[in-house]
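Here the structure is laid out as structure tokens; the discussion comes afterwards.
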Amino acid sequence: MSNILLNELDKELERRGHPFVRYADDCLILVKSLRATERVRDSISEFIEKRLFLKVNKEKTEVGSIVGKKFLGYTFY
């Protein structure tokens, strides 16, 4: 079900030119700077909440370098 609902998110990220990986409701969006991570986090969270009418769990949302981050059980080094 999440793949159907989040298809619009995929299209929006592609339209913006962001490289991303999404599996169900887990998503990595890759950007070049810390400033960009914060800007993209805020604008995509707003898109999800206002256009898709879904709630973003801000406690689980992380920003920063991909080094040391876990995604689907894998850690990036």
Side-chain angles (χ1 to χ4, degrees):
M1 183 62 92
S2 63
N3 285 330
I4 294 169
L5 289 172
L6 294 175
N7 186 50
E8 290 300 315
L9 173 62
D10 295 346
K11 290 179 183 177
E12 180 66 14
L13 290 169
E14 288 172 356
R15 185 186 69 75
R16 294 181 186 197
H18 294 304
F20 70 96
V21 178
R22 186 178 64 77
Y23 183 83
D25 66 341
D26 292 328
C27 185
L28 285 178
I29 304 169
L30 305 171
V31 296
K32 293 185 179 185
S33 70
L34 181 59
R35 189 171 133 200
T37 61
E38 294 167 350
R39 186 183 73 245
V40 170
R41 176 201 58 209
D42 294 343
S43 66
I44 291 299
S45 293
E46 183 176 337
F47 175 84
I48 291 169
E49 291 181 343
K50 294 195 175 168
R51 291 264 326 264
L52 303 179
F53 304 106
L54 299 171
K55 178 124 174 76
V56 174
N57 186 339
K58 301 205 186 318
E59 293 173 3
K60 288 176 63 178
T61 302
E62 296 181 32
V63 296
S65 172
I66 196 164
V67 176
K69 294 278 190 264
K70 277 190 147 185
F71 183 68
L72 303 175
Y74 294 93
T75 304
F76 295 90
Y77 296 99

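If you're wondering where the values come from, they're calculated on a predicted model, not measured in any experiment. Note: hydrogens, waters and symmetry copies are ignored here, and every other heavy atom, side chains too, is used.
Taking the charged nitrogens against the carboxylate oxygens, Glu12 and Arg15 do have a contact shorter than 4.0 Å, which makes a salt bridge. A salt bridge is defined here as a Lys NZ or Arg NE, NH1 or NH2 lying under 4.0 Å from an Asp or Glu carboxylate O, and Lys58 with Glu49 meets this definition.
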Using side-chain contact (heavy atoms from CB on, under 4.5 Å), reason through Leu6 and Leu54 one step at a time and then give a plain yes or no.
CA-CA 10 Å; Leu6 294 175; Leu54 299 171; 3.8 Å; yes
Please assess Cys27 against Leu13 for the test side-chain contact (heavy atoms from CB on, under 4.5 Å), listing each intermediate value before the final yes or no. CA-CA 11 Å; Cys27 185; Leu13 290 169; 4.3 Å; yes
Quick one: do Ile44 and Leu9 satisfy side-chain contact (heavy atoms from CB on, under 4.5 Å)? Show the steps, please. CA-CA 8 Å; Ile44 291 299; Leu9 173 62; 3.8 Å; yes
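Annotation: side chain of Leu52 is not in contact with side chain of Leu5 (no heavy-atom distance under 4.5 Å). Ser65 has its side chain out of reach of Lys69: every pair of non-hydrogen atoms, C-beta onward, lies at least 4.5 Å apart. Using a 4.5 Å heavy-atom threshold, the side chains of Phe76 and Leu28 count as touching.
Residues Phe20 and Tyr23 do not share a hydrophobic cluster, clusters being chains of Ile/Leu/Val/Met/Phe/Trp/Tyr side chains in contact below 4.5 Å. Leu34 and Val31 sit in two unconnected hydrophobic clusters of ILVMFWY residues. Membership requires side-chain heavy atoms under 4.5 Å apart, directly or through other members. In this structure, Leu30 is not a member of the same hydrophobic cluster as Val40, with clusters built from ILVMFWY side-chain heavy atoms closer than 4.5 Å. Under the 4.5 Å side-chain heavy-atom criterion for ILVMFWY residues, no single connected hydrophobic cluster contains both Ile4 and Ile48.
Distance alone, capped at 3.5 Å, is enough to place a donor-acceptor pair between the Arg22 side chain and the Ala24 backbone.
Rounding to the nearest 0.5 angstrom, the gap separating the OG atom in Ser45 from the NZ atom in Lys50 is 11.5 Å. For the atom pair CD (Glu62) and NZ (Lys60), the distance works out to 10.0 Å, reported to the nearest 0.5 Å.
In this structure, Arg16 places its CZ atom where more than 12 heavy-atom neighbours from other residues, nucleotides or ligands lie under 6.0 Å away.
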